[in-house]
Enquirer: 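I have a structure I would like to understand better, so I am pasting it below and will then ask my questions one at a time.
Numbers here are sequence positions counted from 1.
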Amino acid sequence: MSLRTHLDVLVDSSVEYSERAVFQLSIPTAQSPEAQEWRPVTYAQFKSDVEIYAKFWSRQLAACGLPGRSVVGLWYVHGMTYRDVLHIYGVSRANYVPQLFSLRLPNPDVVYELLHRARAVYLIFDESFEAIVSDSPVPRHAALEVKREDVEGETLQPLGDVRLGPDSCVMIFHTSGSTSGSPKLVPCSLRWVNSMVTKSRKIAVPSKPTRQDVTVWQGSICHIAQTFLLIGSLQHGSCTIQPSVIAFSSDELIAMITKQSLNRLNQFPTFLATHLRNSRTNSMLLDLLKGLDEVLFSGLPLGREEEEWARKNGIVVRNLFGSTEVGAMLLSTGGDGPQSGLLRPIDGTSYQFSPPASGPSSSPQPPSTVAHANANTTLLELVIRSDSEDCPDPSLRHADGHFHTGDLFLAVPPAGFVFRGRDDDWIKSANALRCDTKAIEDNVRATCGDLVAECIVVGNGRPSPALFVVPKVPGADEKLKRDIVRRTRGFHARRYLHERISAAKFIVVVSNEELPRTASKGNVRRKAVEEKFKDLLDRIYGAPPS
């Protein structure tokens with residue numbers, strides 16, 4: 001069986017589901033969620049539009065003397081518009097390799113470095129970036145609308161004539177957190193993309209084959225989550241609704257369900273939690289959520305209170321666990337049974353759960369109960385074996401040839417797993433993007449060592465991190481905050497927006513006695529800090545996390 005890409009999926013689905021709506025695009029003139037309207041795009045139109053954009057880029061890039069299979073960067077503000085998808089699929093259909101950037105890379109210097117590392121030869125950018133990409137090291141062009149008349153007379157190389165080997169690079173993503181001041185490249189081979197096609201098809205199977213599934217855009221198409229979900233939806237002739245914003249209101253969700261027959265809701269937990277909390281006092285919303293075939297969350301854990309509320313009230317919630325490097329890996333069964341929340345590997349993968357190489361001491365801090373403390377000594381790291389088709393590029397693997405995720409789990413017989421955090425210092429933001437807390441803490445200690453005696457970064461499930469500091473000399477808290485912001489500004493300027501501490505309000509000055517510590521080593525407990533100061537953090541961010 002030949003290996004398939006997103007383009008093969010599009011071709012097949014445009015034939016099988018030609019007149020079905022593949023997207024419902026938000027009409028920006030709507031005055032309120034209640035008045036929200038959408039316009040459909042059919043599968044046949046989607047394929048035709050992709051080919052129009054492909055013809056444009058084939059002509060444009062060839063005119064620059066750039067050979068096929070060259071890497072082309074695409075940098076967007078949101079990655080949530082139909083045009084964004086068309087440019088990405090169009091560049092790919094023109095036989096080039098898209099390297100995808102999003103709003104979360106605000107510093108063009110970092111983008112330029114990543115272009116250089118990927119050997120990219122061209123940059124397509126959101127037109128709002130015009131002023132800041134004037135010094136681009138490669139030729140550039142704004143991601144403007146392309147019309148049929150713009151490519152009149154142009155032809156495309158037949159898709160079947162493009163011959164790729166299993167290790168040929170098809171697209172390039174980036175890790176959602178910075179390491180040493182820069183994200184990592186995540187090259188995606190044909191073999192790896194084929195595994196996304198296979199896995200996403202299994203995840204997106206409709207519960208009722210006789211009815212078209214309708215779901216919603218989860219996030220930027222420049223990230224693996226939405227790319228994966230779209231590929232799955234295309235294979236079953238499903239429809240994806242474009243919301244007005246990623247954190248759409250419960251009123252807009254109601255409009256999607258009642259007006260567009262949305263039956264599968266997929267969201268990051270931070271945003272899903274808002275709907276679940278609102279359903280406590282909105283009986284109509286609760287009934288609509290109960291009527292959905294599935295409520296899928298991914299990226300980070302859903303708050304225990306919200307998940308328990310959903311299960312007790314008949315809402316079918318499922319957890320899809322994944323990463324940029326591997327895509328979706330584990331899925332819970334859903335429902336309300338005792339094992340409904342347990343995660344299990346997706347069929348057809350080759351994973352193993354092994355004791356982490358760094359040992360129990362690097363595991364997340366255990367709860368106070370003896371039972372949980374004992375359980376945490378048996379935590380297992382998820383490892384993607386090299387023989388698994390979704391094992392990422394060799395540049396990302398460890399010395400043993402496998403990919404060690406750093407994600408830790410508790411095994412629950414007979415074949416389930418519960419996520420127990422990571423074997424490192426990373427947290428996840430509201431958009432499920434990763435943030436290296438240790439890198440921020442190390443920078444504070446290096447630049448503010450004369451001012452700060454202790455520090456710790458928190459913010460799991462928040463839009464950005466917060467810094468708790470113990471001053472060496474008590475008093476003048478506001479000046480201390482401003483000094484820290486000033487001294488660390490250069491460090492944060494190179495980081496994703498969700499990794500930045502760029503304002504004094506995100507710095508909290510505390511005494512040494514206020515920070516909870518471990519009994520054995522006296523280390524400050526990150527999770528305990530978040531729990532102890534939850535009300536304060538809620539006020540800082542203006543809303544609680546999921």
Side-chain angles (χ1 to χ4, degrees), residues 32-34 36 80 214-219 225 229 241 243-260 262-321 332 334-337 340-341 418-419 421 427-433 458-466 498 506 527-546:
S32 68
E34 293 81 0
Q36 180 71 46
M80 290 188 63
V214 181
T215 186
V216 63
W217 213 301
Q218 178 167 324
L229 292 171
I241 300 177
S244 60
V245 292
I246 186 173
F248 52 83
S249 68
S250 293
D251 287 337
E252 187 170 345
L253 173 59
I254 290 173
M256 291 180 194
I257 298 173
T258 57
K259 290 186 175 185
Q260 294 298 331
L262 183 140
N263 67 299
R264 295 179 77 159
L265 174 62
N266 46 271
Q267 272 196 301
F268 294 125
T270 305
F271 310 128
L272 172 60
T274 298
H275 305 311
L276 295 175
R277 285 193 289 267
N278 290 342
S279 72
R280 293 172 180 263
T281 55
N282 186 329
S283 58
M284 177 185 182
L285 176 60
L286 177 58
D287 287 341
L288 290 174
L289 288 172
K290 289 166 63 174
L292 296 178
D293 290 336
E294 177 180 89
V295 176
L296 189 75
F297 65 90
S298 59
L300 65 160
L302 180 63
R304 179 177 296 178
E305 185 177 347
E306 283 76 24
E307 187 167 357
E308 289 178 353
W309 162 262
R311 296 191 191 283
K312 287 180 180 178
N313 286 274
I315 301 172
V316 182
V317 291
R318 301 181 77 189
N319 181 5
L320 182 63
F321 187 92
S332 67
D336 58 2
S340 59
V418 176
F419 180 58
I427 59 175
K428 283 197 171 183
S429 70
N431 286 1
L433 305 175
V458 301
N460 208 52
R462 307 283 185 172
S464 61
H498 72 273
F506 298 110
K527 186 175 181 180
V529 172
E530 296 203 7
E531 292 172 349
K532 179 176 180 177
F533 294 95
K534 180 181 183 301
D535 291 342
L536 173 60
L537 290 169
D538 288 348
R539 292 195 297 273
I540 290 174
Y541 292 100
S546 61

Enquirer: Can you check whether Arg462 reaches Asp538 side chain to side chain, under 4.5 Å on heavy atoms?
Expert: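 When only atoms from C-beta onward are counted, Asp538 and Arg462 do touch, with a gap below 4.5 Å.
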
Enquirer: Determine the minimum heavy-atom distance between Pro269 and Pro301, stating which atoms define it.
Expert: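 In this case the closest contact between Pro269 and Pro301 is CB-O, 3.6 Å.
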
Enquirer: Side chains of Ile315 and Leu276: does their closest heavy-atom pair fall under 4.5 Å?
Expert: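 A side-chain contact exists here, since the closest heavy-atom pair is under 4.5 Å.
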
Enquirer: With Ser279, which of Leu286, Asn313, Leu288 fulfils side chain to side chain contact (heavy atoms under 4.5 Å, CB included)?
Expert: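 The residue from Leu286, Asn313, Leu288 that satisfies side chain to side chain contact (heavy atoms under 4.5 Å, CB included) with Ser279 turns out to be Leu286.
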
Enquirer: Quick one: ring pair (Phe, Tyr, Trp, His ring centres under 6.0 Å) partners of Phe506, sequence neighbours excluded?
Expert: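 If we apply the ring pair (Phe, Tyr, Trp, His ring centres under 6.0 Å) test to Phe506, skipping adjacent residues, the hits are Tyr541.
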
Enquirer: Ile427 vs Val458, test: side chain to side chain contact (heavy atoms under 4.5 Å, CB included). Steps then yes/no.
Expert: CA-CA 8 Å; Ile427 59 175; Val458 301; 5.9 Å; no

Enquirer: For side chain to side chain contact (heavy atoms under 4.5 Å, CB included), just list the numbers for Leu229 and Asn266, CA-CA rounded to whole Å, side-chain angles, deciding distance to a tenth of an Å, and then say yes or no.
Expert: CA-CA 9 Å; Leu229 292 171; Asn266 46 271; 3.5 Å; yes

Enquirer: Are the side chains of Ile241 and Val214 in contact, using a 4.5 Å heavy-atom criterion?
Expert: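 Val214 vs Ile241: side chains touch.
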
Enquirer: Which atoms form the tightest heavy-atom contact between Arg264 and Leu292, and what is the distance?
Expert: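 That closest heavy-atom pairing would be N-CD2, 4.5 Å.
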
Enquirer: Within the structure provided, determine whether Asp287 and Met284 are in side-chain contact (heavy-atom separation under 4.5 Å).
Expert: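 Side-chain contact under 4.5 Å: no.
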
Enquirer: For the pair Arg539 and Asp535, find out whether any cationic side-chain nitrogen is under 4.0 Å from an anionic carboxylate oxygen.
Expert: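 No, no charged N to carboxylate O under 4.0 Å.
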
Enquirer: Using a 4.5 Å cut-off on heavy atoms from C-beta on, say whether the side chain of Leu265 contacts that of Leu289.
Expert: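 The answer is yes; the side chains approach within 4.5 Å.
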
Enquirer: Please determine, by modelled atom types, if Glu252 and Ser244 share a side-chain donor-acceptor pair under 3.5 angstrom.
Expert: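 Short answer, yes.
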
Enquirer: Excluding sequence neighbours, so at least two apart, what forms salt bridge (Lys or Arg N to Asp or Glu O under 4.0 Å) with Glu530?
Expert: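 Glu530: no salt bridge (Lys or Arg N to Asp or Glu O under 4.0 Å) contacts found.
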
Enquirer: Tell me, please, which residues at least two apart from Ala430 pass side chain to side chain contact (heavy atoms under 4.5 Å, CB included).
Expert: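 Checked Ala430 against side chain to side chain contact (heavy atoms under 4.5 Å, CB included); matches are Thr270.
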
Enquirer: Minimum heavy-atom separation for Phe248 to Leu253, with atom names?
Expert: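 In this case the closest contact between Phe248 and Leu253 is CE1-CB, 3.9 Å.
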
Enquirer: Given Ser340, which of Arg318, Glu307, Arg311 fulfils the side-chain hydrogen bond (donor to acceptor under 3.5 Å, both in side chains) condition?
Expert: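 Considering Arg318, Glu307, Arg311, a side-chain hydrogen bond (donor to acceptor under 3.5 Å, both in side chains) with Ser340 is found only for Arg311.
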
Enquirer: Could you report the tightest heavy-atom contact between Met80 and Gly219, atom names first, then the distance?
Expert: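 In terms of heavy atoms, the two residues are closest at CG-O, 3.8 Å.
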
Enquirer: For residues Val317 and Phe297, report the shortest heavy-atom separation together with the two atoms involved.
Expert: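 That closest heavy-atom pairing would be CB-CE2, 4.4 Å.
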
Enquirer: Determine the minimum heavy-atom distance between Lys428 and Asn460, stating which atoms define it.
Expert: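 Minimum heavy-atom separation between Lys428 and Asn460: N-OD1, 2.9 Å.
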
Enquirer: So does Pro463 get a backbone contact from the side chain of Asn431, meaning a donor-acceptor N/O pair under 3.5 Å?
Expert: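 Looks like no, no N/O pair under 3.5 Å.
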
Enquirer: Measuring from Leu302:CG to Glu308:CD, what's the distance to the nearest 0.5 Å?
Expert: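 Interatomic distance, Leu302 CG to Glu308 CD, rounded to 0.5 Å: 10.0 Å.
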
Enquirer: Determine whether Arg277 and Thr274 satisfy the following criterion, side chain to side chain contact (heavy atoms under 4.5 Å, CB included), listing intermediate values before the conclusion.
Expert: CA-CA 5 Å; Arg277 285 193 289 267; Thr274 298; 3.8 Å; yes

Enquirer: Nearest 0.5 angstrom please: Ile254 CD1 to Lys259 NZ, how far?
Expert: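 These two atoms lie 12.0 Å from each other.
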
